[in-house]
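Bear in mind the structure is a predicted one, so any value in this text is a computation, not a measurement.
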Number of protein chains: 2
Amino acid sequence: MDLRETFATNLRRLRNGKGWSQDELALEAKISRSYLSQLEKGVYHVSIKVIGRLADKLDVEPDEFLKRTTKRARAK
Amino acid sequence: MDLRETFATNLRRLRNGKGWSQDELALEAKISRSYLSQLEKGVYHVSIKVIGRLADKLDVEPDEFLKRTTKRARAK
């Protein structure tokens, strides 16, 4: 099971829900724009340190980032 | 916000729910016993790569590991 795509999909959804560009979120969460862009493409296995910062800035619960749309199914 | 303690608490709870020792889970998830022990003490910021493996072996959804007991409250 690979959570990178699940995380990427949720991150894009939550960022768009806040109405922020990648630039704005990267600045707020103190990560580079290119790292954020790659996280949204599912390139990296993010750590909970960064998940915590993103959740804080987007004002959502941290577990929102790991929710799979289909339970027990492999993330698309 | 620091998610290490939230993750540690949930990991201990989910492992105990499965009735496994640290040794058993470490072996199944292919991580070292000492790393697992330290994760359960909140020492490290785990990556979603390891969260995915732990969720798979414990047969739980990955987001279970990041759920805070008190919403909007700092993890104890």
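Comparing H45(A), R4(A), E64(A) by heavy-atom pairs within less than 4.5 Å of chain B, the highest count is held by H45(A).
With sequence neighbours excluded, no residue forms a side chain to side chain donor-acceptor pair (under 3.5 Å) with S37(A).
In this structure, the separation between CD1 on I51(B) and OG1 on T6(A) is 12.0 Å, given to the nearest 0.5 Å. Note that the CG atom of L3(A) and the CZ atom of R53(B) stand 11.5 Å from one another [nearest 0.5 Å]. In this structure, S47(B) OG and K49(A) NZ are separated by 14.0 Å, a value rounded to the nearest 0.5 Å. The NZ atom of K67(A) sits 6.0 Å away from the NZ atom of K67(B) when rounded to the nearest 0.5 Å.
Residue L66(A) comes nearest to P62(B) through the heavy atom pair CD1-O, 3.9 Å, listed as atom of the first residue, atom of the second, then distance.
Cluster annotation: V60(A) and L27(A) are assigned to distinct hydrophobic clusters (Ile/Leu/Val/Met/Phe/Trp/Tyr, side-chain heavy-atom contacts under 4.5 Å, transitive). Transitive grouping of hydrophobic side chains (ILVMFWY, heavy atoms separated by less than 4.5 Å) brings L11(B) and L14(B) into a common cluster.
Each of V46(B), V50(B), D2(B) was evaluated against I48(A); a single residue qualifies, V46(B), per the side chain to side chain contact (heavy atoms under 4.5 Å, CB included) test.
Counting heavy-atom neighbours within 6.0 Å of K18(B) NZ, excluding the residue itself, gives a total above 12.
Listed by first and then second residue, the ring-ring contact (aromatic ring centres under 6.0 Å, His included) pairs that reach into residues 2-22 of chain B are F7(B)-F65(B), sequence neighbours excluded.
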